[in-house]
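Chain naming here is simple, since letters A, B, ... match the order of the sequence lines and numbering starts at 1 in each.
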Amino acid sequence: MNHAHTGHTPLPPMDHLEEVLRSSITTVRQLDPYLTLLIVTGLALRVPHHSLRFPIDLLSRSPSPSSLHRSRHLSLSFFGPHLPLWNHLIRRLSSSPSPSSSLHTFIDMLRLPLPPSPDHLTFPFLAKASSSFKEGTQIHSQVIRRGFASDVFVFNNLLHMYAKSGSLDLARTAFESTPERHRNEVSWTTIISAHASRGELELARSMFDRMPERVRVGCPAVWNAMISAFAAHGLVSVARKWFDRMPGRNAASWNTMISGYVRAGDMSAARGLFDRMPEDERDVVSWSAVISGYVSLNRCGDALELFKAMQVKPNEATLAVVLSACARLAALEQGRWVHAYAERNGLRLERDNLGAALVDMYAKCGSIESASELFWRRHDELKHSTSAWNALITGLAVNGRARESLEVYERMRRSVTARPDGVTFLGALTACVHCGLVDEGRACFESMSREYGIRAELKHYGCMVDLLGRAGLLEEAEGVVQSMPMKPDMVVLSALLGACRIHRDVSMADRLRTRVVELDPHEGDVCFLQLASIYASAGRWSDARALRSVLERQSSKKQPGFSLVESGGVLSCQMTV
DNA sequence: TACGTTCTGT
């Protein structure tokens, strides 16, 4: 059969349809002609049911309303009473960008003229899709009405659903009113870890003690949950006792304990445990945990060294941490290597902020060109990532390309794929400060709360004060300080004092003095010096002297400190008092 | 015709 003259895509043999589709189609757009063909010819009614699973898989990965509409059309027209297909769609939607459409699909199914009966596979997916208390109780009542309350898989998913939506009391009521023969180790782990991770350690502990022997010795997950919770609440030594006592330690147990030490900032204990961990059990999580521990203590060299010695394949999360080490060390070559590795191994830029970490690394290493090039070249993957946008906006702002930074910021505002957050506005405000763009800065600051409902933080106020002060708008800058809901810090006050000095506004400096006094002594010193210099240049010598003597008295009580100073590639040691 | 839940890292 020759379709060329009609302009139709030739249809593959029916029994190979799914195979052909899966191997040749990767985007929703490519799917369109096949979908149209299936629908308008009614062929969808004649193909084997499982052939409809592929279009569903593809459509449910896309968040667009038209994709949802298409999958709804497919299901309502062609699924009929075939439960496996409905379950498949409900499952895919439950972990899609729009989980609520999973519940809508369930309702669609029940409203069919001859509706299939939901089964033990339907409800776990619905529970996973549910996000609110109200939806949750509705699903629960359906479960009871249809007789699945004693199915342990369904039950566990209901527990998880309640715990996730914050209704821990309901989860616990359901748990306690269910006989032990309808519960298993997953039920125990779910309920105990939900309480433990909320800090209800006593309650978690008492439930742990009530567990049947078979769960206590046979389920490391429940031990791991307790260990994790102890460590998260500052009880790392208690966590360690449990770790030492537990039977059947698995990789997750070691990883939990290692991250417990990392969280407590105890890298020598973390590294010690990592070294003691059986080598063949060390997985990507173990390695990443220690590497990220080094980075969090700013021991970036150690982080990179361990990364080089890594014995398992790194994933997106690992590389994101390693890239932040590269950024801090300005290690561009290493960063490029990581980038190449990620490309070579098909790692996903949209996962675990890997894309944002790459953009940030390039920007912090001064290679803003590469940052920008990467962001736009991989825009399809990165346009959903607020932190990737932020990395570019901030990177451009601090690399002297403020105009471009603001263009990207405007473009992000117009985009429907990502929503600006506090960091976005900080980046845009930084750009405004660099360029002295007062009107743009005001508009930016204003729209942050008005359009996006984001509360300004200290740093945003700091930018505004800096921007206005440099432009000589001292009154307005002082107004910002007065309107701040929090106490101004050294950065804010010294920005304004700097402006006072340049514009010789001694009376404003006088007014700010009471604020400077409220600062911590260490931070206050900087501002006192600025004040003294303002008084001196205004000829108020006695005021200047008085301030300096206050400073000297304070500093005589302090221990001398040392700092390393790099100059011309040579490190020297400087004493500071 | 299908098939799943809990604990560990960023």
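As judged by a 4.0 angstrom heavy-atom cut-off over every strand, A:N315 is placed among the base-contacting residues.
Using cut-offs of 30° and 60° for the angle between ring planes, the A:F307 and A:W337 rings count as perpendicular. Using bins of under 30°, 30° to 60° and over 60° for the plane-to-plane angle, the ring pair A:W242/A:F230 lands in the tilted bin.
Sequence neighbours left out, the pairs with a member in residues 327-336 of chain A that pass side chain to side chain donor-acceptor pair (under 3.5 Å) are A:N298-A:R328.
Applying the side chain to side chain contact (heavy atoms under 4.5 Å, CB included) test to A:R146 and every residue at least two apart in sequence or in another chain returns A:L110, A:S117, A:P118, A:F123, A:Q142, A:F148.
Once rounded to the nearest 0.5 Å, the distance linking CD1 of A:I227 with CE of A:M246 reads 5.5 Å.
Atom NZ of A:K313 is separated from atom P of B:dG9 by 23 Å (rounded to the nearest Å). Per the geometry, CZ belonging to A:R263 stands 10 Å off C1' belonging to B:dT8, to the nearest Å.
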> Where along nucleotides 1-7 of chain B does protein come under 4.0 Å, by heavy atom, of base (B) or sugar-phosphate alone (S), with - for untouched nucleotides?
Replying inline: BBBBBBB
